[in-house]
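Presented below is the structure to which this report refers.
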Amino acid sequence: MLNDKGLLLIISGFSGAGKGTIINGLINKYRDRYTLSISATTRGPREGEVEGISYFFKTKDEFTTMIENDELIEYANYVDNYYGTPKKYVDESLESGKNVILEIEIQGALQVKEMYPQAVSIFIMPPSAQILIKRLLERGTEDLQTIKKRMTRAQKEGMRAKYYDYLIINDDLQQSIDSVDRIIRCEHMKCKRNFDLIDSINKEVYELTRGD
Ligand code: 5GP
C-alpha cells in the first residue's frame, strides 16, 4: 500500500485570494482525509467567528506565554497582530494519518518548511488585482485602512510565492478544491515517500527470482 501517513499541507495566499473558502470546501468534501489546524491569534474575532473553531483568540500576554512554553510550531506578526500554530494538534493529527492543513502567511510557512521539510506548500493567487480588491471590499470584514495594509502586505507576499511548491490561481472554486486534492494524492505517490514499499516489493521479487 502506498504511504498513507498524513501530510502537512501549508496553504498561503493574499488576504481575499479565497484560501479559506477553498479549505472549507476541501474539508467538507473529504472530511475523512483532511483536517484544519486552528491557529492562535491576538486579532479580535470578526462577526461570526467562534473561539476554538475559527481561532483561539488570545491576549498579547497569553500569546507570549505560548511562545515561552514552546507550544507553537511557528508564529508571525501580520498587520499588527500575532498568529501562531499550536504544535500538539498538528502532531496528533499527523500521527492519526490525516492530512493537516495550515492556513498561514509566508513567514510562518518558511519556518514550517524548515522544521518539516517534507511539508507540501501551495500558494493561492486571485486571477487579478482587481478581483482581489473587489473580494476584500465585498467581504466587508475590514475597514478601508486595514484593507490597504492587507493589499500592501499582499504585494510583498506575492514576491515570495516562488518559494512554494505549487501555485493555484483561484478563478473557479470547485477546480481549485480539486487541484489541492490532486496535488496531495500525487504527493502520496512520490517515490521518496514510499521507500519502505519499494524495498518490500523489491525484496519479494528478489526472493522469487533467487533460484533462477
Ligand atoms: P486573518 O486575520 O485574515 O484571519 O489572517 C491573516 C493572515 O494570517 C492570513 O494570511 C492567514 O493565513 C495568516 N495566519 C492565520 N493563522 C496563522 C498562523 O497560525 N501562523 C501564521 N504564520 N499565519 C497565520
Side-chain angles (χ1 to χ4, degrees), residues 8-27 34-60 62-67 69-91 93-94 100-116 119-126 132-133 135-161 163-164 166-168 170 176 180:
L8 195 53
L9 169 58
I10 302 166
I11 297 192
S12 302
F14 310 153
S15 184
K19 297 167 295 202
T21 321
I22 294 174
I23 292 168
N24 285 340
L26 188 70
I27 290 177
Y34 294 97
T35 186
L36 177 64
S37 154
I38 312 292
S39 297
T41 182
T42 58
R43 160 166 90 57
R46 292 181 188 139
E47 206 182 314
E49 287 188 331
V50 180
E51 164 69 20
I53 294 180
S54 318
Y55 278 107
F56 296 106
F57 295 101
K58 303 286 177 193
T59 61
K60 280 232 163 82
E62 286 169 338
F63 199 94
T64 308
T65 307
M66 289 182 88
I67 298 172
N69 291 344
D70 199 24
E71 290 172 42
L72 300 174
I73 291 176
E74 59 73 38
Y75 66 94
N77 190 287
Y78 180 94
V79 186
D80 308 330
N81 281 297
Y82 284 99
Y83 295 79
T85 306
K87 201 182 275 180
K88 191 162 174 271
Y89 181 78
V90 169
D91 287 343
S93 304
L94 286 175
V100 182
I101 303 171
L102 308 184
E103 194 225 305
I104 60 178
E105 55 64 70
I106 196 157
Q107 298 168 64
L110 298 178
Q111 291 174 51
V112 173
K113 265 290 201 183
E114 262 189 28
M115 260 179 87
Y116 297 81
V120 181
S121 58
I122 302 180
F123 198 86
I124 314 262
M125 279 183 144
L132 183 67
I133 297 177
R135 284 184 188 161
L136 279 173
L137 290 171
E138 279 173 1
R139 191 161 83 175
T141 47
E142 279 92 13
D143 57 37
L144 263 182
Q145 204 195 349
T146 309
I147 289 180
K148 259 183 127 180
K149 281 189 182 176
R150 283 179 176 242
M151 286 297 293
T152 308
R153 175 69 182 231
Q155 191 262 329
K156 286 192 184 130
E157 293 206 335
M159 312 270 284
R160 299 206 284 172
Y163 294 118
Y164 284 70
Y166 296 93
L167 173 69
I168 290 180
N170 181 27
S176 299
V180 176

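Remember, it's 1-based here, ligands and their atoms both numbered in the order they're listed. Because the structure is a prediction, the values reported are computed rather than measured.
- Contacts with ligand 1 closer than 4.0 Å are made by side-chain heavy atoms of Y78 only, the backbone lying farther away.
- The protein heavy-atom contact nearest to atom 14 (N) of ligand 1 is E103 O, 3.6 Å.
- You'll find the ring centres of F63 and Y83 outside the 6.0 Å limit.
- Heavy-atom contacts of R43 reach the following atoms of ligand 1: 1 (P), 2 (O), 4 (O) (cutoff under 4.0 Å).
- R43 and T41 share no donor-acceptor pair across their side chains, judged by distance under 3.5 Å alone.
- Contact analysis puts R150 in contact with ligand 1, with a non-hydrogen atom separation below 4.0 angstrom.
- A salt bridge links K149 with D80; the closest basic N to acidic carboxylate O contact falls under 4.0 Å.
- Contact annotation for R46 and ligand 1: only side-chain heavy atoms (C-beta onward) come within less than 4.0 Å of the ligand.
- Taking the six-membered ring where tryptophan is involved, the planes of Y82 and Y75 are tilted, since the angle between them lies from 30° to 60°.
- The protein non-hydrogen atom at the shortest distance from atom 16 (N) of ligand 1 is S39 OG, 3.0 Å.
- The closest side-chain donor-acceptor pair between N24 and T21, if any, does not fall under 3.5 angstrom.
- If you check which protein heavy atom lies closest to atom 9 (C) of ligand 1, you get K19 NZ, 3.6 Å.
- Y89 and T35 share a side-chain donor-acceptor pair at under 3.5 Å.
- Look at E103 and K19 and you find a salt bridge, because one of the NZ, NE, NH1 or NH2 atoms lies within 4.0 Å of a carboxylate O, short of that distance.
- A donor-acceptor contact closer than 3.5 angstrom links the side chains of N69 and E71.
- Here the protein heavy atom with the shortest distance to atom 20 (N) of ligand 1 is E74 OE2, 2.8 Å.
- The ligand atoms of ligand 1 that sit less than 4.0 angstrom from a heavy atom of Y55 are 1 (P), 4 (O), 5 (O), 15 (C), 16 (N).
- Ranking the protein heavy atoms by distance from atom 23 (N) of ligand 1 puts E105 N, 3.1 Å first.
- If you check the side chains of E105 and S12, you find no donor sitting under 3.5 Å from an acceptor.
- When each atom of ligand 1 is checked for a heavy atom of G108 under 4.0 Å away, the hits are 22 (N).
- Listed for the E114 side chain is no donor-acceptor partner under 3.5 Å among the backbone atoms of Q111.
- At a heavy-atom cutoff of 4.0 Å, ligand 1 is contacted by no atom of E157, backbone or side chain.
- Applying the 4.0 Å criterion to heavy atoms of A76 picks out, from ligand 1, the atoms 22 (N).
- Residue Y75 does not touch ligand 1, judged by heavy-atom distances below 4.0 Å.
- Of the residues L26, I122, I10, the one that meets the side chain to side chain contact (heavy atoms under 4.5 Å, CB included) test with I101 is L26.
- In terms of polar-atom proximity, Y83 is counted as a contact of ligand 1, with an N or O under 3.5 Å from an N or O of the ligand.
- Close approach to G84 involves these atoms of ligand 1, each under 4.0 Å from a residue heavy atom: 18 (C), 19 (O), 20 (N).
- Contact annotation for Q107 and ligand 1: no heavy atom of the residue comes within less than 4.0 Å of the ligand.
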